Amino acid sequence: MEYRKTLNLPRTSFPMKANLPQREAQILNFWERKKVYQRIREERKGHPKYILHDGPPYANGNIHMGQALNKVLKDVVVKYKTMQGFDSPYIPGWDCHGLPVEHQLFKKLGINKNEISRLEFRKKAREYALHFVKEQRNQFKRLGVFGRWENPYLTLSPSYEGEVIGAFGKLAQRQYIYRGLKPIRWCFRCQTALAEAEIEYKEKESPSIYVKFPVKDSLSLTSSRLPVYLLIWTTTPWTLPANLAVAIHPHHLYALVQLDKEILILAKDRLARLKEEIGIKPARVVSVHEGEKLRGLRYKHPFINRESEVLTANYVSLDEGTGCVHTAPGHGDEDYVLGLEHNLPVLSPVDGEGKFTSQAGDLKGIQVFEANSLIIEKLKQKGYLLHHEKVVHSYPHCWRCGSALIYRATPQWFLVVDKHNLREKAIKAVKNEVDWIPPVSKMRMGSMLRERPDWCLSRQRYWGVGIPAVHCQGCGEAIIDEEIIGKIKNLTSKYGSDCWFEEPVEHILPPGYRCPRCGGEKFKKEEDIIDVWFESGVSHQAVLVQEETLGDPSDLYLEGSDQHRGWFQTSLLTSMALKGRPPYRGVLTHGFVVDSEGRKMSKSLGNVVDPQEIVSTRGADVLRLWASLEDYTQDIRISEEILKYTVEVYRRVRNTCRFLLGNLYDFDYLRDTLPPEELQDIDRWLLSRLQKLIKKVTASFEKFKFHEAVHLLHLFATNELSSFYFDVLKDRLYTFPPDSKGRKSAQTILWHLLISLTKLMAPILSFTSEEVWGYMRKMEEGASGEGYSPLEESVLLSSWPQVDNNLLNENLETIWKKVLKVREGVLKKLEEARGAEIIRSSLEARVTIIAPFSELSSLKDLGDRLKEVFIISEVQLQEGEELEIRVSRAEGRKCERCWNYSLYVGSDKEYPTLCQRCRKAIEEFTG
RNA sequence: GGGCUCAUAGCUCAACCGGUUAGAGCGCUGUCCUGAUAAGGCAGAGGUUCCUGGUUCAAGUCCAGGUGAGCCCA
């Protein structure tokens with residue numbers, strides 16, 4: 001007889017090979033068809049809310065690994081909270097305005113700003129942004145991310161834009177907004193401001209000059225009667241008319257160096273190089289002073305009737321120049337910031353064409369680069385030029401027209417960070433009102449807030465929301481008026497931000513409007529747009545408040561660590577200023593995706609990993625698992641090796657599910673479940689272990705430590721299930737009569753396991769858990785024969801497994817811990833016996849355990865079960881001094897059906913190849 | 001250059017307040033099974049805890065410096 005057919009071997013159509021790319025498509029389809037996300041919303045209505053507010057990714061290009069990671073982490077949080085019973089709607093958003101779209105589009109069109117009208121361009125930009133919103137939406141959905149995808153929030157939607165203007169207006173009303181000068185990169189050929197991304201560095205030849213600035217009260221430094229000069233170095237002589245300070249390093253040493261008939265002040269450490277490079281011949285070093293000591297020293301401008309003084313700054317470097325840095329707040333970033341600190345005016349006597357204005361005196365009308373030689377000549381005549389040569393250096397150029405750029409100060413709109421103690425309040429809120437994960441974020445946020453300058457809100461761009469200000473044509477006054485802003489807000493909310501640029505100014509102004517300063521009647525609209533960071537920064541107003549399913553403040557913002565300066569901060573500042581509290585109760589940050597060496601991804605390094613490729617070759621669940629496998633508080637590595645490992649973990653989980661499904665084919669949960677007291681010891685033990693797993697995994701999810709949860713699940717599947725419990729169970733599952741108590745006891749556990757594990761992994765392995773869930777439902781329908789399953793239609797509609805304290809059994813766990821310890825020793829001895837060719841399969845073995853009485857008792861209690869636990873054919877227990885394990889060949893013959901060795905085999909005439917146990921089973925089977 | 005941070009087996013992670021011989025899983029090697037089978041079991045080999053110095057009876061853990069890397073700013 002073919003006894004194999006009398007066994008209850010696993011049966012399932014759940015495939016071992018996942019073939020995720022194809023299968024996931026079907027599951028996505030299932031979710032869509034069954035409207036699972038919508039049904040979650042309906043079923044959670046009225047439950048406590050958990051709001052994760054989506055930081056809008058930029059609608060430009062396909063999604064990259066970082067965005068994929070970010071969205072998956074968000075999805076894991078939302079799904080977990082949902083299964084925990086929260087009403088956790090997720091409304092994804094996109095950042096649609098701004099430079100990257102504008103820049104990319106200009107590139108694509110092959111034109112510049114002057115070759116297209118603003119409105120025409122904006123129309124194209126809109127299409128461009130919306131195109132990528134659509135693309136990215138599909139890519140995110142493909143990752144299995146649940147959310148209100150059909151109606152996301154877009155920063156270019158009229159209602160959002162209206163809120164942006166409203167927020168700007170309110171801040172202005174509360175005097176947070178002012179107008180000031182700030183140097184920006186300027187292309188005088190294109191007559192436009194340029195952003196960092198639009199700058200190309202190219203070699204350029206510039207003059208390199210060393211200039212002497214006469215010191216006024218040199219007596220404080222030296223008793224010498226010789227004239228004393230600060231020696232500065234610059235490659236932009238044309239910025240000298242705007243010189244308002246000399247910066248030196250506070251902690252470096254500066255030398256007074258006597259030349260022929262003069263004394264120069266320069267950094268001591270530069271002296272040797274300068275002797276070499278420009279050939280100065282010092283007679284002697286008069287004295288040496290710490291930079292700090294020279295602070296406040298006054299000097300005369302070399303050709304303008306003006307006095308300024310020496311300031312100290314940490315950015316002063318001794319790598320080049322003289323250590324005395326010519327400072328023109330209107331012509332450089334560092335200069336500007338230093339100037340702000342010392343209340344220097346932002347002098348910038350240069351117009352949009354790059355020509356000097358009347359502020360530059362007799363240089364008026366001369367183009368700045370052409371003025372270089374005139375200025376050098378002037379310095380020479382006055383005797384202030386120490387040295388002059390030419391250098392070739394890397395210099396910023398316009399990406400479009402290729403001309404050299406200049407720094408030029410222009411009027412900009414700012415948000416004052418110190419108004420009404422905003423900065424202090426924000427820092428306090430960071431400290432006391434927000435939960436930062438990981439905790440170091442708190443410090444980082446705090447120190448960034450402490451240091452940040454006022455927020456420049458204006459951009460000289462096309463693609464964004466116009467700043468709702470008007471300028472009086474008569475006196476040039478820039479006006480922000482509550483009434484005007486109210487009107488713009490309404491118009492914009494209805495028609496979108498184009499209306500600001502479309503409508504003539506008269507339509508916007510209230511009838512008979514006059515300039516509050518000069519009474520003028522003619523106005524023009526502000527042309528600048530609002531910084532996109534301001535747009536996304538007010539999403540708490542435009543989204544959290546406006547969307548009735550959400551709420552303000554939110555529970556969590558979850559973004560990459562770059563958002564400490566970005567969204568976390570802009571959102572915090574605007575919320576503090578508008579509402580006096582943060583927009584979030586918690587902030588979670590993750591690191592950046594880097595390669596196997598920990599280096600960032602870049603095209604030039606050739607180490608870029610594409611999420612879409614992972615999805616199409618290995619599946620979204622693999623990507624989701626990868627995102628959950630690593631500790632995201634640090635940088636997250638990805639490589640072929642790591643992906644292979646991820647697939648291995650996935651395989652283990654999948655096969656565990658398959659084994660469970662395969663052994664439950666004839667199990668009807670409602671009919672066959674045994675109550676705990678009727679379960680076998682080992683089964684109750686496993687149930688206790690499962691409760692602990694649920695407890696630990698839940699705790700990990702609560703702490704957002706997904707990698708911990710994954711490790712726990714993987715470890716459980718490997719150590720407790722695959723290598724022990726399942727292995728032991730096989731004999732009972734396969735060889736016991738189908739409806740025997742022993743087998744049903746095992747199956748009861750398997751069912752518990754399957755349902756719990758499937759749920760525990762659902763937030764992460766959403767596709768696979770849904771797939772498993774579907775098989776479970778089908779099984780249930782089949783078993784009950786009623787086409788009805790007690791299981792929810794989707795695992796994501798089900799609830800998180802609860803720990804059943806009644807199933808926890810410390811006593812059992814202690815006993816089994818001992819048994820497992822002994823098992824370890826047995827396995828080692830079995831391996832030795834295998835090596836000595838005494839046995840091959842462990843069932844060929846007979847094991848004798850000699851141990852002290854105290855150790856022996858728990859083993860004895862197991863009785864016949866003990867050999868099952870060791871998967872051997874015979875076990876003998878003996879009392880002895882200390883633990884000893886002996887292995888020999890089992891007696892008797894191998895049962896053809898269960899493969900156990902027994903003396904009974906051969907004794908039965910009817911079933912000569914069976915053991916006693918199988919004989920009974922067979923009778924049940926045939927009878 | 002400044003702010004914040006990281007570095008533990010080939011990989012992913014552990015190691016409470018400083019306290020025995022730094023632990024797991026995967027991978028690797030060997031091996032068994034062929035009734036989870038493009039599965040599964042067992043055993044074994046892998047570590048100068050990035051480097052240098054210091055504090056301490058004792059350092060992966062604390063301190064200083066260096067190297068490499070990341071985010072942000074300049």
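Atom set for the values below is all heavy atoms of this structure, side chains included, hydrogens, waters and symmetry mates excluded. Bear in mind that the values here come from a model prediction, so they are computed numbers and not experimental data. Chain letters run A, B, ... following the sequence lines, proteins first and then strands; every chain starts at 1.
Judged by atom type and distance alone, Glu831(A) reaches the base of rG30(B) through a side-chain donor-acceptor pair under 3.5 Å. Contact of Ser722(A) with rA36(B) (side chain to base): a donor-acceptor pair of N or O atoms is detected under 3.5 Å.
With a 3.5 Å ceiling on both atom-pair distances, the Watson-Crick or G-U wobble partner of rG65(B) is rC51(B). In this structure rC71(B) sits in a base pair with rG3(B), meeting the Watson-Crick or G-U test at under 3.5 Å. Base pairing analysis places rC16(B) opposite nothing; no Watson-Crick or G-U wobble pair with both distances below 3.5 Å involves it.
Here the separation of rA43(B) from rC62(B), taken at their C1' atoms, is 40 Å to the nearest Å.
Considering only the side chain of Leu827(A), rA43(B) comes nearest among rA36(B), rG40(B), rA43(B). The side chain of Tyr734(A) approaches rG35(B) more closely than any other nucleotide in the set rG35(B), rG70(B), rC32(B). With distances taken from any side-chain atom of Arg444(A) to the nucleotides rA43(B), rC71(B), rC13(B), the minimum falls on rC71(B). Residue Tyr645(A) has its side chain nearest to rU12(B) when only rU34(B), rU12(B), rC32(B) are considered.
Put simply, CG on Leu721(A) is 14 Å from C1' on rG41(B), counting in whole angstrom units. Distance, Lys730(A) NZ to rA36(B) P: 4 Å, rounded to whole Å. The separation between Asn663(A) atom CG and rG40(B) atom P is 15 Å, rounded to whole Å.
The 5' end of RNA chain B is approached more closely, in terms of each residue's nearest nucleotide, by Asn655(A) than by the other of Leu605(A) and Asn655(A).
In this structure rC50(B) sits in the anti conformation; its chi angle is more than 90° from 0.
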